[in-house]
Enquirer: 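I have a structure I would like to understand better, so I am pasting it below and will then ask my questions one at a time.
What's counted below: heavy atoms across the whole structure, side chains too, no hydrogens, waters or symmetry copies.
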Amino acid sequence: MKFRILFTAALFALAAGPAHAGPIAAAVAWVGGVIAAGGAAAAIMQMALSLALNVVATAIAKAVRKAPEVSVKFEVELGDDTPLKFSLGTYATAGKRRYVGSWGWNTRFVTMVVECSSLPQGLSGVWVGDDRGEF
């Protein structure tokens, strides 16, 4: 009798495969059971589940989003060693950049100082783009 029990136990031990508990499947089944049961626990579970899915969707959207491309190229001649420039008579000039700098939160604003003449002279007006500027 003892031999038969020992033989059966050994047979089951040698023939058994690895156990798969499936903890994720159990957790999903538990959440589904709570939601199906209804009541306050189901409402709390639905809110928690929707919050978790919202966090995951936000993280995926941030990872997929592309950064805006910045492609600005220009040539600037700066410094006091550049030759003097001034206008004689009625003349249109682009002037000479004396200073270019960015400031503000996240360097959002750009300040540019343009020198229209190296010599002091009376100007009849200044145009900035398509608008007449004031002194």
Side-chain angles (χ1 to χ4, degrees):
M1 181 77 175
K2 286 184 179 182
F3 180 72
R4 183 183 273 173
I5 294 174
L6 193 63
F7 179 73
T8 307
L11 185 65
F12 279 117
L14 293 176
H20 298 286
I24 295 175
V28 169
W30 179 78
V31 168
V34 169
I35 291 174
I44 292 172
M45 187 65 65
Q46 285 178 344
M47 285 190 295
L49 188 61
S50 65
L51 180 65
L53 290 176
N54 190 9
V55 168
V56 169
T58 304
I60 290 172
K62 282 183 181 179
V64 172
R65 183 178 58 199
K66 292 182 180 179
E69 295 182 17
V70 177
S71 59
V72 176
K73 295 180 183 178
F74 59 90
E75 293 182 21
V76 178
E77 185 179 338
L78 295 173
D80 290 330
D81 58 346
T82 57
L84 296 177
K85 294 182 181 178
F86 54 93
S87 301
L88 295 174
T90 304
Y91 185 77
T93 178
K96 182 172 34 173
R97 287 190 182 115
R98 297 304 269 170
Y99 172 78
V100 176
S102 58
W103 56 279
W105 179 76
N106 202 12
T107 62
R108 183 167 295 204
F109 303 103
V110 175
T111 299
M112 181 169 59
V113 177
V114 178
E115 181 182 49
C116 294
S117 174
S118 299
L119 301 174
Q121 60 188 35
L123 296 175
S124 60
V126 175
W127 288 84
V128 179
D130 291 335
D131 300 326
R132 184 176 174 89
E134 296 181 13
F135 291 107

Enquirer: Are more than 12 heavy atoms, taken from residues, nucleotides or ligands other than Asp130, located less than 6.0 Å from that residue's CG atom?
Expert: no
Enquirer: Tell me the closest heavy-atom pair linking Trp103 and Thr111, and the distance in Å.
Expert: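 Nearest pair, atom of Trp103 first, then Thr111: NE1-OG1, 2.6 Å.
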Enquirer: Rounded to the nearest 0.5 Å, what separates atom OG1 in Thr58 from atom CG in Leu53?
Expert: 10.5 Å
